[in-house]
Every structure is written in C-alpha cells, then in structure tokens.
Amino acid sequence: MKRIAVLTSGGDAPGMNACVRAVVRYGIAAGADVYGIKRGYAGLMANDISELDSRAVSGSIRQGGTILMSARSLEFKTPEGQQKALGVLRGWGIEGLVVIGGDGSLTGALALHKLGFPVVGVPASIDNDIRGTDMSIGVDTALNTILDAMDKIKDTASAHQRAFIIEVMGRQHGYLALMAGIAGGAEMVVVPGTCIDKALVIQEVRSAFLRGKPHFIILAAEGASTPERSITQLLTEYIHEAGHEARSTVLGHVQRGGSPTCFDRLLGTRFGAAAVDSLMSGKTGAMVGLQKNNMVTVDLESVLGGHPDLSEEALRLAEPLAH
Ligand code: ADP
Ligand code: F6P
C-alpha cells in the first residue's frame with residue numbers, strides 16, 4: 001500500500017492528534033505517502049485533502065482537538081454520499097484509509113469497507129462506549145478534567161455544606177460518571193439504565209449530612225436524563241425535597257478539550273502505528289483496540305451496534321466507598 005489517508009470524525013477527543021501524528025510518521029517510515037483529510041467525511045466528500053509530511057504534524061502531540069478538524073455529516077450516511085467519498089479517494093489514488101472517531105464514525109468506516117474500500121478504524125471518544133477496546137482515545141484526559149472540576153466543587157460545596165450535582169457527558173454510557181465518581185470520591189453515582197429511586201436519594205442526602213459529611217456530590221451521567229427532564233433537574237428536585245440546598249454544574253464540552261494526558265498520547269500513538277500495520281498487512285474492515293494493555297485488531301462489524309457493559313467491579317466499589 002503506497003498511498004494511505006487519515007481522517008478524524010465525530011466528537012473530537014484529546015489524543016486524536018497523537019494518533020494522526022503516528023499514522024503520518026509511522027506510515028512514511030513504512031514507505032507510504034500519507035494524506036490528511038480535513039473535517040471528517042464532510043471534507044472527504046468535498047475533496048479537502050492534502051499530503052502530510054513529518055513537519056505537518058510537528059508539535060501536535062500536546063494539542064487537544066484535532067489538527068485535521070472534525071465534523072458530523074448527514075450526507076455521508078446516504079449511499080450517494082458514500083459513492084462520492086469513494087470517488088474522491090480513488091481519484092487521489094488512495095489505497096487505504098484510517099478513520100479515527102467514535103462509534104458513528106466507525107459505522108461510516110464499515111460502510112466504506114462494505115463498498116470494497118480498505119479501512120481501519122481507531123476508537124476515539126471520551127465516552128468509552130466502543131466495544132473491543134478497554135479504552136478509547138480521550139477518555140483518560142476527560143476523566144482528569146472531571147476530577148479537577150470535582151476537587152474544586154468539593155471545596156465550595158464543603159464551605160456551604162451543600163449538595164451538588166455534577167453532570168458529565170457520555171451519551172447513553174455511564175463510564176465517565178462511574179469512574180470519575182470513584183476516583184473523585186462522589187457520594188453518589190447515577191448512570192443510564194438504573195432506576196433513580198426518589199426515596200433513596202432523599203434518604204442518602206439526609207443521612208450523609210447527619211453522618212457528618214460536609215457535602216454531598218452526585219456524579220450524574222447525561223444519559224440518565226428522561227425525555228421530559230434532565231438528570232440534573234430531576235436530582236435537584238429530590239435534594240430540595242430532602243431539605244437541602246442544591247447546586248449543579250453541567251461540565252459540558254470542557255470535558256472534550258485540553259492537552260492530552262500521557263496515557264492518551266501513548267494510546268493515540270500506539271493506535272496510529274497499529275492502524276498502519278493493520279492496513280499494510282491487509283487486515284482491513286478492522287478496528288485496532290487495547291485489550292489487557294496489548295494492541296489487538298478486531299473485526300469492525302463485531303464491535304458496532306452496542307456498547308460495552310460497565311465493569312461489575314467498579315459498580316460494586318462505588319457504593320461502599322461513598323460512605
Ligand atoms: P462519533 O463518531 O463521535 O460517534 P457521530 O455519531 O456523530 O459521532 O458520527 C460521526 C459521523 O459518522 C456522522 O456525522 C456520519 O457522517 C458518520 N456516520 C454515523 N453513522 C453512520 C452510519 N450509520 N452510516 C454511515 N455513516 C455514519
Ligand atoms: O460522543 C462524544 C460526546 O462528547 C458525548 O459525550 C456528547 O453527548 C456529545 O459528543 C456532544 O456532541 P456535540 O459535539 O454534538 O455537542
């Protein structure tokens with residue numbers, strides 16, 4: 001394979017740049033010309049492509065966001081959009097593509113593979129909701145951002161003996177809420193798919209303050225919201241019913257930004273090199289993943305259409321450690 005291309009798509013994640021950089025430099029070392037596609041599938045269909053040399057990725061390993069930029073594209077979901085993308089790739093003589101993104105982007109990669117184009121996917125999403133890998137790019141940095149915010153909120157919450165709701169991202173997955181809740185010492189963690197028992201919340205809030213806790217921090221996943229009300233609105237109401245003051249912080253996109261942690265730089269780098277190896281050895285229609293700290297290649301189709309389960313061990317730990 002002499003000409004390969006790389007794109008970043010969907011929600012950006014810190015460490016995407018480390019991955020792009022590795023695809024470029026490792027790809028060049030393997031004898032390929034490497035092309036960068038701007039703005040994900042939207043840029044691909046718009047022919048927004050240029051060759052990248054080693055200098056084009058200089059300094060990027062420490063930057064958040066993505067130097068290739070990202071996008072979401074409805075047009076690419078259509079057969080016409082995908083044919084357009086294929087035409088552009090073939091026009092450039094590109095023989096293989098690395099797609100760095102979340103489960104939506106990887107579903108797009110699978111669509112190209114099914115049309116006969118060699119593709120390798122790299123899991124990148126702060127949500128950590130992709131099967132076939134223990135960690136996706138960006139998760140560790142996002143967790144550290146949440147912890148930083150939690151530590152600060154605890155200071156002010158303790159000063160006023162308040163209950164706080166910290167709402168974190170994750171779409172329908174509760175990984176960020178659960179892990180940050182454990183690592184940051186939350187009094188309660190709320191993840192999607194669990195029934196939020198009003199009486200239990202009220203009892204827990206009251207009993208925590210009676211036991212001498214200076215604050216009550218709930219780490220709530222955005223995906224635990226109901227169609228009518230956000231999880232933050234719901235929990236605020238319950239805390240008020242418990243007779244306590246409630247404040248809330250929706251962390252939002254701050255979780256997606258910032259310089260990647262060492263873990264995410266190394267993960268992005270390892271994934272980038274593994275993706276090039278996978279393309280070069282003809283293992284396409286695949287996703288690279290991290291399993292038990294080893295690089296693996298898994299069938300793309302097998303990881304899509306569902307989410308991994310939350311760790312039973314972590315779920316068991318969360319409750320007793322909150323006391
Ligand atoms: P993420 O990759 O972070 O999960 P999205 O779900 O928004 O983000 O997906 C990113 C892009 O991937 C979409 O805008 C679309 O262009 C492409 N994509 C998502 N789902 C599909 C699909 N079923 N078929 C083809 N392309 C898709
Ligand atoms: O999938 C990553 C993610 O950051 C989710 O956690 C969040 O719900 C969503 O993307 C936000 O997407 P947008 O970029 O459209 O605001």
Side-chain angles (χ1 to χ4, degrees), residues 6-16 19 37-46 48 64-66 68-86 88-89 97-115 117 119 121-133 135-143 145-146 166-180 191-192 219-225 230-232 250-258 264 271 285 287 300-301 303-308:
V6 57
L7 63 79
T8 53
S9 165
D12 55 291
M16 278 182 159
C19 190
I37 300 167
K38 291 267 178 74
R39 297 180 292 110
Y41 296 119
L44 173 57
M45 291 180 297
D48 197 354
T66 157
L68 290 179
M69 297 186 276
S70 191
R72 304 196 202 266
S73 163
L74 280 180
E75 189 188 354
F76 183 75
K77 288 188 170 185
T78 65
E80 297 75 25
Q82 289 162 20
Q83 286 300 335
K84 201 193 270 187
L86 273 184
V88 172
L89 288 166
L97 174 66
V98 176
V99 171
I100 307 168
D103 57 355
S105 305
L106 298 174
T107 307
L110 181 63
L112 287 177
H113 168 72
K114 286 188 168 164
L115 291 170
F117 197 84
V119 184
V122 175
S125 164
I126 64 163
D127 304 340
N128 213 25
D129 59 350
I130 302 166
R131 290 193 304 203
T133 187
M135 289 291 271
S136 296
I137 291 174
V139 177
D140 186 64
T141 307
L143 283 175
T145 300
I146 297 169
I166 304 178
E167 186 181 310
V168 297
M169 281 185 163
R171 288 219 166 123
Q172 286 310 304
H173 204 49
Y175 186 89
L176 290 177
L178 179 58
M179 295 305 174
V191 295
L219 242 277
E222 62 178 3
S225 300
S230 77
I231 186 61
T232 293
V250 179
L251 285 183
H253 291 78
V254 72
Q255 294 161 96
R256 286 227 303 248
D264 276 325
F271 275 166
M287 182 190 84
L300 202 40
E301 191 144 31
V303 300
L304 298 173
H307 296 306

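All ligand and atom numbering here is 1-based and tracks the order in the structure. Note that these values count all heavy atoms, side chains included, but never hydrogens, waters or copies made by symmetry.
Contact atoms of ligand 2 toward R171: 1 (O), 5 (C), 6 (O), 8 (O) (distance under 4.0 Å to a heavy atom of the residue).
With contacts defined as side-chain heavy-atom distances shorter than 4.5 Å, the pair H113/E301 does not qualify. Counting heavy atoms from C-beta on, the side chains of L251 and I166 come closer than 4.5 Å. Taking 4.5 Å as the limit, every side-chain heavy atom of Y175 sits out of range of all side-chain heavy atoms of D129. Using a 4.5 Å cut-off on side-chain heavy atoms (C-beta onward), V303 and T133 make no contact. Using a 4.5 Å heavy-atom cutoff, the side chains of D127 and H307 are not in contact. Residues V139 and L143 are in side-chain contact: their nearest non-hydrogen atoms beyond the backbone lie under 4.5 Å apart. The shortest distance between side-chain heavy atoms of V99 and L7 falls below 4.5 Å.
The pair R39-D48 meets the salt-bridge criterion, since a charged nitrogen lies less than 4.0 angstrom from a carboxylate oxygen.
Here atom 16 (O) of ligand 2 lies nearest to H253 when heavy atoms of E222, M169, H253 are compared.
Protein residues with any heavy atom under 4.0 Å from ligand 1: S9, G10, G11, Y41, R72, S73, F76, K77, Q82, G102, D103, G104, S105, T107, G108, R171.
With a 4.0 Å cut-off on non-hydrogen atoms, R256 touches ligand 2 through its side chain and not its backbone.
Scanning the protein heavy atoms around atom 2 (C) of ligand 2, the nearest turns out to be D127 OD2, 3.3 Å. Counting protein heavy atoms only, atom 12 (O) of ligand 2 is closest to R72 NH2, 2.9 Å.
Applying the side chain to side chain donor-acceptor pair (under 3.5 Å) criterion to S70, with sequence neighbours excluded, gives no partner residue.
Considering backbone and side-chain N/O of G170, one or more are found under 3.5 Å from N/O of ligand 2.
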